[in-house]
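Below is one structure, written out as structure tokens; the observations come after it.
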Amino acid sequence: MKTTPFTEKHIALGAKMHEFAGYNMPIEYSGIIEEHLTVCQGVGVFDVSHMGEFWVKGPSALEFIQQVTSNNAAVLTPGKIQYTCFPNEDGGIVDDLLVYAYEPDKYMLVVNAANIEKDWNWCVSHNTVGAELENSSDNIGQLAIQGPKAIDTLQKLTDIVLADIPYYTFKVGELAGVKNVIISNTGYTGAGGFELYFYPQDAEKIWNAVFEAGEEFGIKPIGLGARDTLRLEMGFCLYGNDIDDTTSPIEAGLGWITKFVDGKNFTNRAALEKQKAEGVSRKLVGFEMIDRGIPRHGYPLTDIDGNVIGNVTSGTMSPTRKIGIGMGYVKTEFSKPGTEICLDNRGRKLKAIVVKPPFRK
């Protein structure tokens, strides 16, 4: 298995380790529910160094991004970030990703760890405009410091005014005595906070400084288990569960990152434009359990008469609500919030209701 700059720290701290996307990653430390609530109420630190980072440079950089991604990157100015996806030729999604506008003619794409090789091959094979591509995934470490006390923790370590970094923007500067740290505000937890990108050789210095600064706020390391429950409470998609090569951005409720602007001829644009105009036969929805039960990936969803109308893509017991919550694809006629549906839990029919995420109140 591959390691991150922090793997030995996780093991030393007693984390339950498991393979994820080819990496030896911490799944939990003290327990998923406790770690989840730590992030919601205080501050927690995620090692997300397994994520992939590609640089796109040169005079053709924007043209390349416009061809391979669904969102309109032409609106980005340096310091802005955009959520987007790589559509494939069959109406599905190669991956969802973030585009960082670093400077004119220089962008950073942040892709999912499980898809680094697939995404890199996709970008290289679709680079028909001569953009300069560089896969820096193994040369960048990343920590996500999340929670309401994240800003107080990190502000001790930098002269950059963190309150001046709004959602989906970033700045580059010194943090914990380390120069050229990218400090961004995107978040995958719904609890606020920042991501730090840095060279692996600076990883230990940054880790130690962050934990020292956050000690008064009860800072804790957080595993990937709580990362999943946190993102699910917000209704954020997870690639491989809620979106994949067979799900279109229109079906997945990602029409807002699929921009049909003039001159942007991205992969499979015509088919997706047709979907948006004519509608789709299924949609990704959020739902809450009415009956007691926990939705799990792959469980069938039915109408009240027991007819299968879809399936669960993500599900858990909400640590903050103490009820079962989930996401899944259903036939479009059952996608309206307030619609009663059922979860088929190994033959038991349990009532649920379609809701619009986030689930966390």
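Note that the coordinates shown come from a computational prediction; the quantities given were computed from them, not determined experimentally.
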Apply side chain to side chain donor-acceptor pair (under 3.5 Å) to the pair Arg282 and Thr247, showing each step before the final yes or no. CA-CA 10 Å; Arg282 63 173 186 167; Thr247 59; 5.5 Å; no
Candidate pair Ile65 and Leu109, rule side-chain contact (heavy atoms from CB on, under 4.5 Å), full reasoning: CA-CA 9 Å; Ile65 291 169; Leu109 311 184; 4.2 Å; yes
Test side-chain contact (heavy atoms from CB on, under 4.5 Å) applied to Asp159 and Glu174, step by step: CA-CA 8 Å; Asp159 291 335; Glu174 189 171 323; over 6 Å; no
I would like to know whether Glu19 and Met25 meet side-chain contact (heavy atoms from CB on, under 4.5 Å); could you show each step before the answer? CA-CA 6 Å; Glu19 184 274 334; Met25 297 297 291; over 6 Å; no
Kindly indicate, with the supporting measurements, whether the criterion side-chain contact (heavy atoms from CB on, under 4.5 Å) is fulfilled by Asp245 and Asn88. CA-CA 7 Å; Asp245 289 299; Asn88 66 24; 3.8 Å; yes
Full working for side chain to side chain donor-acceptor pair (under 3.5 Å) between Asn72 and Gln66: CA-CA 7 Å; Asn72 182 18; Gln66 289 290 72; 2.8 Å; yes
Audit row: Asp344, Thr302, side chain to side chain donor-acceptor pair (under 3.5 Å) steps and yes/no: CA-CA 7 Å; Asp344 184 343; Thr302 74; over 6 Å; no
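Once rounded to the nearest 0.5 Å, the distance linking CZ of Phe260 with NZ of Lys276 reads 5.5 Å.
Annotation for Tyr83: atom OH counts as buried by contact number, over 12 foreign heavy atoms lying within 6.0 Å. Dense packing is recorded around NE2 of His126, with more than 12 heavy atoms of other residues, nucleotides or ligands lying under 6.0 Å away. Open room surrounds CD1 on Ile33; 12 or fewer heavy atoms of other groups in view lie less than 6.0 Å from it. More than 12 heavy atoms of other residues, nucleotides or ligands sit less than 6.0 Å from atom CD1 of Ile353. Crowding of Glu89 atom CD: a count of heavy atoms from other residues, nucleotides or ligands under 6.0 Å exceeding 12. Counted within 6.0 Å of NZ on Lys274, heavy atoms from surrounding residues, nucleotides or ligands total 12 or fewer; the atom is thus considered open. Within 6.0 Å of NZ on Lys80 lie no more than 12 heavy atoms contributed by other residues, nucleotides or ligands. The local environment of CG in Asp305 is crowded, with over 12 non-hydrogen atoms from other residues, nucleotides or ligands closer than 6.0 Å.
Looking at Thr84 and Gln82, their side chains never bring a donor and an acceptor atom within 3.5 Å of each other. Looking at Asn71 and Thr69, their side chains never bring a donor and an acceptor atom within 3.5 Å of each other. Side-chain atoms of Asn241 and Thr313 include no donor-acceptor pair closer than 3.5 Å. Side-chain atoms of Asn307 and Asp303 include a donor-acceptor pair closer than 3.5 Å. In this structure, a donor-acceptor pair under 3.5 Å is absent between the side chains of His50 and Gln142. In the model, Thr128 has a side-chain atom that pairs as donor or acceptor with a side-chain atom of Gln67 under 3.5 Å.
Judged by distance alone, the side chain of Glu233 and the main-chain N or O of Thr229 form no donor-acceptor pair under 3.5 Å. Asp95 places a side-chain N or O within donor-acceptor distance of the main-chain N or O of Asn112, the cut-off being under 3.5 Å.
Side chains of Leu97 and Phe86 form a contact here, defined as non-hydrogen atoms less than 4.5 Å apart. Between Asn180 and Phe198, every side-chain heavy-atom pair lies at or beyond the 4.5 Å cut-off. Cys40 has its side chain within reach of Arg360: a pair of non-hydrogen atoms, C-beta onward, lies under 4.5 Å apart. Looking at Phe287 and Leu301, their side chains come closer than 4.5 Å, going by heavy atoms from C-beta outward. Side-chain contact between Asn208 and Lys9 is present, with heavy atoms from C-beta onward closer than 4.5 Å.
Residue Ala101 comes nearest to Leu76 through the heavy atom pair CB-CB, 3.9 Å, listed as atom of the first residue, atom of the second, then distance. The minimum heavy-atom distance between Ile81 and Ser184, with the atom names listed, is CD1-CB, 3.8 Å.
Less than 6.0 angstrom separates the ring centroid of Phe54 from the ring centroid of Trp120. Two rings, from Tyr100 and Phe170, have their centers less than 6.0 Å apart. Between Trp207 and His10, the distance separating the two ring centers is shorter than 6.0 angstrom.
The side-chain contact (heavy atoms from CB on, under 4.5 Å) test with Leu143 singles out one residue from Thr4, Val45, Val48, and that residue is Val45.
For the pair Arg227 and Phe46, the cation-pi test (distance below 6.0 Å, angle within 45°) is passed.
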Identify each donor-acceptor pair in which a side-chain atom of residues 144-154 lies under 3.5 Å from a protein atom, sequence neighbours left out, and give them as a table.
unit_1 : atom_1 : unit_2 : atom_2 : d
Gln146 : OE1    : Thr189 : OG1    : 2.6
Gln146 : NE2    : Glu195 : OE2    : 3.4
Thr153 : OG1    : Lys149 : O      : 2.9

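Both Trp122 and Val56 are part of a single hydrophobic cluster, where members link through side-chain heavy atoms under 4.5 Å apart.
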